[in-house]
J.: 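Sharing a structure below in structure tokens format, with a few things to ask.
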4 protein chains.
Amino acid sequence: MSARKQARNHGGRPRDSRVDDAIASAVQELLAEVGYMGLTMAEVAARAGVGKAAIYRRHATKQEMIFDVLLPDQFLAVAPDHGSLSADLAAVLAEIADSMTTPPQGTIPGLLADIHADPALRDRFDRKYLEAQRRTLTEILDRAAARGELTTRPDPAALNALLVGPVFAWLFLLSESPEQLPVLTSALLDAALALTSSGPSGAAVQAGAP
Amino acid sequence: MSARKQARNHGGRPRDSRVDDAIASAVQELLAEVGYMGLTMAEVAARAGVGKAAIYRRHATKQEMIFDVLLPDQFLAVAPDHGSLSADLAAVLAEIADSMTTPPQGTIPGLLADIHADPALRDRFDRKYLEAQRRTLTEILDRAAARGELTTRPDPAALNALLVGPVFAWLFLLSESPEQLPVLTSALLDAALALTSSGPSGAAVQAGAP
Amino acid sequence: MSARKQARNHGGRPRDSRVDDAIASAVQELLAEVGYMGLTMAEVAARAGVGKAAIYRRHATKQEMIFDVLLPDQFLAVAPDHGSLSADLAAVLAEIADSMTTPPQGTIPGLLADIHADPALRDRFDRKYLEAQRRTLTEILDRAAARGELTTRPDPAALNALLVGPVFAWLFLLSESPEQLPVLTSALLDAALALTSSGPSGAAVQAGAP
Amino acid sequence: MSARKQARNHGGRPRDSRVDDAIASAVQELLAEVGYMGLTMAEVAARAGVGKAAIYRRHATKQEMIFDVLLPDQFLAVAPDHGSLSADLAAVLAEIADSMTTPPQGTIPGLLADIHADPALRDRFDRKYLEAQRRTLTEILDRAAARGELTTRPDPAALNALLVGPVFAWLFLLSESPEQLPVLTSALLDAALALTSSGPSGAAVQAGAP
DNA sequence: AGCTAAGCGAGACGGTACGTCAAGTCTTCAG
DNA sequence: CTGAAGACTTGACGTACCGTCTCGCTTAGCT
């Protein structure tokens, strides 16, 4: 996935997959030790017991390297049927929370900034994540519609933002403790479900016109 | 607010306030032109027609400078009574959306990363923003309670995350267009209000046990 | 002489001449310790207690730095009258020998290679050295002609090559000991004077046609 | 001559002599195109249609490779009797001039620098060239002495330096045109012969004491 | 009015990381 | 074992930026 172009399986020494692993491990360790900004390519190379050239052969820039290492290839790729809309959304929410709490502390904001700074990275992020996420949510909504659980069908992007955003905000904007995440997620689930059972701003209209 | 220590009112030439303005303008312009990562102190100084020392006399680091320039001193500081919980939340939401769309494109993620990288900046962010935000939300909830609009009182942090998170996600995680923000905010308002009128996980329980 | 452009004596912090000296000393020391090829900019900077940028502000490349440091500004610039052609030539020869034995062992061949590899350096070498050398030799020949010491006026370039070449060859092609240089120079002086007192290839003609 | 160790004539595939030629040609071409410093092993291999390993199997280092390719195996090895000292020296001079003008422009200074930087190369240079050169010059002087052409027998090293040095200087120190070399060599021959017919510093003494 | 401390633009300074590139070694597959 | 291909480690290069310091000058405000 990170390989720029896997050499035509003809001549030449093949890439050593142990090098990929060593780089990934070194990045993970160093991110945990020195943080996102403190990470240097020289240190990654040294820690991995690898030359800098071997890194740049795999990742065009430091930012791409971190991106490749931190972001797992599968993300919200599967949407197993849990039997109800509520259970499906809870599963999605759990996976979102997981993907934001597993990387070393403080790397997500750095990564996000780099993604916004580099169009190439942004494209890759889009194709790798957002697409899968959109697909999964659509599937879940389709199933719920088939079950007759939906009064109204919410905008997929809005639902996506509603699920991902608060978790991100809890962790990185409000700096609330990850352990207290359940406080958020249970409330969040209610809120999300509310979107599926009432008119598309009905509450607001009612509340705004007493 | 940005002055590190206003000179002992004794002798010496006073700070030139035109310098502060020139720096702020240069930062704004350059952020728009070259992006967050492309900003250099030398260029800011040159654009502002100012020496680098004059900048560092006012801001301890590059990150602090951007922080000082981008973040307005007032943010959610006031919570005028709009007559109903729904209207109050709508106002808050509007202010949040505004604060995230006015800075030059792509600066918010960079700023957030820097805030997470520097404890000093994080402290300032906390005191300047989160505190005011918490206070404002509490006030609004108090008023709503007094009006009898609350069935249950939601966790303030969760409500905060629910309001701020989706807007942030819409703009910076999903890269949806700022013009389409109303699509999100109207749905979001419904969802937020849902938290105030039903049991703390009632919907989930009901949906989970048909 | 090495300064690229001495800042208009207007604003800005002036160059610190101690930095120039520190660089020159470091280069000299390191050339003696690790040789021409073993010299690295990082080590020069470290030894001089100076940032690399300070070096590159003064010298465009590593090669130029060595050139600037090794080649004294004055070389064969003066041609004091020693009273006779022979004495003048002996003085020139002594200065040539001196300029080739004072730099750290083995730096001259490296420097010469770099001069041939870089047109810019070649130009500077030309203007700085060859010109002065030509001028000086011409002067000496003029004086000798005025004294009536010249039967024939030799080609200046040929005389130049005849004086410089053997010393260079002795030291760097044949690797003979510098202490034995007098063995060469005394013979060389005879040979050079021979060019001034006989017809232009007269000896060859005589020898070739006995 | 260039092979490091010819494989034990035991089993295995024999060296392909076409590879040697391809390497030599590639080096010659590339030296002419990109110069001494611009030459890279990767490019040599590519141009020769050969793997880098095949080069290193034949030459221990880049410097040795160039040395092996540029320096012909025979150099001043033979000293055919031309009938007179003058003619013999003229022949030697011609061969010297030839050996310095045939390699691609500017490679000689680079090669010389490398020889001084690497003791192993220096040894090979010594044994391959200087020895043969000394032997040849001694032979010529012996013949001249037998013919009675020598008033005094000059130091062989000094004579060597006197012959080689000016040619080198003309081409690589003064950057005079190779076409004009005859201007130098004719004068040079006179000067060299002067050493053989007068006292070892007689002219200098005479000139110095009028 | 003069003194003085601080401000000011300019830019050199030490330091540190980046990404590139070359040398020489090693590893695969094919013959 | 030779050969081509190319990945590997090592380490220098030259660039860029940060935050500090130094220069010569200007500008208030206290005495």
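Worth knowing before you read on, the calculation uses all heavy atoms, side chains too, and leaves out hydrogens, waters and symmetry mates. Numbers restart at 1 for each chain; the letters A, B, ... are given by sequence-line order, proteins then strands.
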J.: Within less than 4.0 Å of OP1 or OP2 of E:dT25, is there a side-chain N or O belonging to D:R57?
T.: no

J.: Under the 3.5 Å rule, do the base of E:dA6 and the side chain of B:R13 count as making a donor-acceptor pair?
T.: no

J.: Can you work out whether A:T61 or D:A42 has the more 5'-proximal nearest nucleotide on DNA chain E?
T.: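 The residue closer to the strand's 5' end, by nearest nucleotide, is A:T61.
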
J.: Picking from F:dT15, F:dA12, F:dC23, which would you name as closest to the side chain of C:P14?
T.: F:dC23

J.: Specify the separation, in whole Å, of atom CD1 of B:I23 and atom P of F:dG19.
T.: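 It works out to 14 Å between those atoms.
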
J.: Would you mind reading off the distance between D:D16 atom CG and F:dC1 atom C1', rounded to a whole angstrom?
T.: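 Roughly 13 Å, once rounded to whole Å.
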
J.: Rounding to a whole Å, what distance do you find between C:I55:CD1 and F:dG14:P?
T.: 11 Å

J.: Among C:D68, C:D20, C:D21, exactly one meets salt bridge (Lys or Arg N to Asp or Glu O under 4.0 Å) together with C:R58. Which residue is that?
T.: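 Considering C:D68, C:D20, C:D21, a salt bridge (Lys or Arg N to Asp or Glu O under 4.0 Å) with C:R58 is found only for C:D20.
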
J.: Rounding to an integer number of Å, can you tell me how far D:M37 CE sits from F:dA12 P?
T.: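 After rounding, the reported distance stands at 16 Å.
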
J.: Could you give the CE-to-C1' distance, from B:M65 to F:dT20, as a whole number of Å?
T.: 16 Å

J.: Want to settle it: does B:A46 or C:V19 sit nearer the 5' end of DNA chain E, counting the closest nucleotide to each?
T.: B:A46

J.: Should the heavy atoms of other residues, nucleotides or ligands under 6.0 Å from CD of C:E33 be counted, would the total exceed 12?
T.: yes

J.: Can you tell me how far C1' of E:dA22 sits from CG of D:L30, to the nearest Å?
T.: 15 Å

J.: Answer yes or no: is there an ion pair linking D:E43 with D:K52, defined by an N-O contact shorter than 4.0 Å?
T.: no

J.: Please report the distance, rounded to the nearest Å, between CD in B:E64 and C1' in F:dG19.
T.: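 Result: 13 Å.
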
J.: Mind calculating the distance between CZ (C:R47) and P (F:dA12) to the nearest angstrom?
T.: 14 Å

J.: Which nucleotide, F:dT15, E:dA23, E:dG9, lies nearest any side-chain atom of C:Y56?
T.: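 That would be F:dT15.
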
J.: Is it the case that E:dG24 (base atoms only) and D:K62 (side chain only) share a donor and an acceptor within less than 3.5 Å, ignoring hydrogens and angles?
T.: no

J.: Are C:F67 and C:D114 close enough, and set up right, to give a side-chain contact (heavy atoms from CB on, under 4.5 Å), and what steps lead you there?
T.: CA-CA 9 Å; C:F67 181 97; C:D114 283 343; over 6 Å; no

J.: In terms of the nearest nucleotide of DNA chain F, which residue is placed more toward the 5' end: C:T40 or A:G51?
T.: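 Comparing both residues, the 5'-ward one is A:G51.
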
J.: DNA chain F: B:A53 or B:M41, which has the more 5' nearest nucleotide?
T.: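 Between the two, 5'-proximity favours B:M41.
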
J.: Could one point to a donor on the side chain of D:K52 or the base of E:dG24 with an acceptor on the other under 3.5 Å away?
T.: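 Answer is yes: a donor-acceptor pair is held.
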
J.: Would you mind classifying the nucleic acid contact of D:L39 as base, sugar-phosphate or nothing, using non-hydrogen atoms under 4.0 angstrom?
T.: sugar-phosphate

J.: Look at D:R58 and F:dG3 and indicate whether a side-chain polar atom (N or O) is within less than 4.0 Å of OP1 or OP2.
T.: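 Yes, within the criterion.
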
J.: Take C:M65 and C:V44 through the side-chain contact (heavy atoms from CB on, under 4.5 Å) test and state the conclusion after the steps.
T.: CA-CA 10 Å; C:M65 177 189 70; C:V44 170; 4.2 Å; yes

